[in-house]
Amino acid sequence: MSPFLIEGHQRGAAFDRDLAIIKTGSEFNFCWQYNTDLFNISTVERIAGNYQTLLESILINPQQPISQLPLLTEIEQYQLLFDWNNTKKEYPLDKCIHQLFEEQVIKTPDAIAVELEGEKLTYQELNQRANQLANYLQKLGVNPEVLVGICVERSLLMVVGLLGILKAGGAYVALDPAYPAERLAYILDDSQAKVVLTQQQLVNLNSIPNTDLQVICLDTDWELISTQSDKNPQTQVKANNLAYVIYTSGSTGKPKGVMIEHRSLVNFTQTVRDKYGMNNRDRVLQAASISFDAAAEEMYPCLVSGATLVLRTAEMLDSIATFIQKCWEWKLTVLMVGTNAANSVRSKKQQNYFLLRLIL
């Protein structure tokens, strides 16, 4: 049994695609007719092949429910399972994400790592400050598998805090200061975090729940933190240790903590960096809350590539026009945005003449 294909040139056909089955003696001829404005021959050949596979499966297993019968040909099955799924790539199996960052610091110590409205830190400066925080945290007992909450506004200190926790060997629990106090309290209690990093103004506003946690204000306590060594700390953290814990929305019940190991983060980071070709000439927008995985996608591929992480401002979200204007002013080259924002940026991209890669 073999479907016989013909192109549909007849005008006034009732359907865009039609199949006529014609019996000739003991044989059946399958005649496919289709609108050539909508379909090309390769598409119809694939549909015909799927239909033939289905019919043959029915003859072999007439009692099988049709929903369980195969449609793909053997060639298509192999293509789907092996050819298209052959995505294996080598990546550092024994490295943690902060170690990849430290390697980049050696390569480009004087390049700008992070900036916000004129404030900047080079790779070396960011590394040194994160090291001071890491050494301070280690003296407080932060080591592998110890969770540290971080609840700070978008700032250079936010990036220092995240890296400092990782460099100490701990894992961070991301807390958005805009979250309700009840949610923050639940996450801190559920995660059993030992320490929380924050800012004095958030403490004053009672954004940080009253708990027995040790609270460290990265702004007002920095004078003490800065007395620590700025050298890379020694740690026993391994690739299979936790890097961070991120909580779900809780829309189907209580929020649930999702635990991400360093090896998973390293794998993901290298995949994003390679797929989108990030390099030390890029300027990457950091727009997402650190309580969303999108923030990791923005930050870590950037910081292991020697690129500059540009932190967005609240003003940037006032309107699409403002968003696009800031993209232009800040000379951004990589955005990770939603579809609507991407379409708006694309429409302005040509007239603004800036090189931009959109990651949806």
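With sequence neighbours left out, the side chain to side chain donor-acceptor pair (under 3.5 Å) criterion links E153 to Q201. The side chain to side chain donor-acceptor pair (under 3.5 Å) check on D189 picks up nothing, with sequence neighbours excluded. Evaluation of the side chain to side chain donor-acceptor pair (under 3.5 Å) rule for E145 yields N241 as partners, not counting sequence neighbours. Among residues two or more places apart in sequence or in another chain, the side-chain contact (heavy atoms from CB on, under 4.5 Å) test is passed with N232 by E102, N127, N131, K167.
Taking all atoms of both residues into account, the shortest heavy-atom contact from T53 to L71 is CB-O, 3.5 Å. What you find for L175 and G149 is that their closest heavy atoms are CD1-CA, 4.2 Å. Here the closest non-hydrogen pair linking Q199 and V152 is OE1-CA, 3.4 Å. Minimum interatomic distance between I97 and H262 (heavy atoms only, all atoms of both residues): N-ND1, 3.3 Å. Contact between E223 and S226 at its shortest, heavy atoms only, is O-OG, 2.8 Å. Of all non-hydrogen atoms in S291 and A174, the two that sit nearest each other are OG-O, 3.4 Å.
Within 6.0 Å of CD1 in I75 there are 12 or fewer heavy atoms belonging to other residues, nucleotides or ligands. Annotation: I21, atom CD1; neighbour count of heavy atoms from other residues, nucleotides and ligands within 6.0 Å is above 12. Counting non-hydrogen atoms of neighbouring residues, nucleotides and ligands closer than 6.0 angstrom, the NZ atom of K120 reaches no more than 12 such neighbours. Environment of CD in E329: crowded, with over 12 heavy atoms of neighbouring residues, nucleotides or ligands closer than 6.0 Å. Taking a 6.0 Å sphere around NZ of K256, one finds it holds more than 12 heavy atoms contributed by other residues, nucleotides or ligands.
Looking at heavy atoms from C-beta onward, L166 lies out of side-chain contact with Y244 at the 4.5 angstrom threshold. For the pair L72/P70, no side-chain contact is recorded, criterion being any heavy-atom separation below 4.5 Å from C-beta on. Between D293 and V258, every side-chain heavy-atom pair lies at or beyond the 4.5 Å cut-off. Residues W330 and M316 form a side-chain contact, since some pair of their non-hydrogen atoms from C-beta on lies under 4.5 Å apart. Looking at Y300 and L162, their side chains come closer than 4.5 Å, going by heavy atoms from C-beta outward.
Side chains of Q132 and Q128: a donor-acceptor N/O pair is absent below 3.5 angstrom, by distance only.
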Tell me which donor-acceptor pairs under 3.5 Å the side chains of residues 301-309 have, and how far apart each pair is, sequence neighbours excluded?
from : atom 1 : to   : atom 2 : distance (Å)
S305 : OG     : P301 : O      : 2.5
T308 : OG1    : I112 : O      : 2.8

Pair N280, Y123 - check side-chain contact (heavy atoms from CB on, under 4.5 Å), show working.
CA-CA 11 Å; N280 59 8; Y123 271 82; over 6 Å; no
For a side-chain contact (heavy atoms from CB on, under 4.5 Å) check, start with the C-alpha distance between L140 and Y136, then their side-chain angles and the critical distance, and finish with the verdict.
CA-CA 7 Å; L140 298 179; Y136 182 78; 3.8 Å; yes
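The list of side chain to side chain donor-acceptor pair (under 3.5 Å) pairs with a residue in residues 173-185, not counting sequence neighbours, reads D176-S289.
Relative orientation of the Y51 and F30 rings is perpendicular, given thresholds of 30° and 60° on the angle between their planes.
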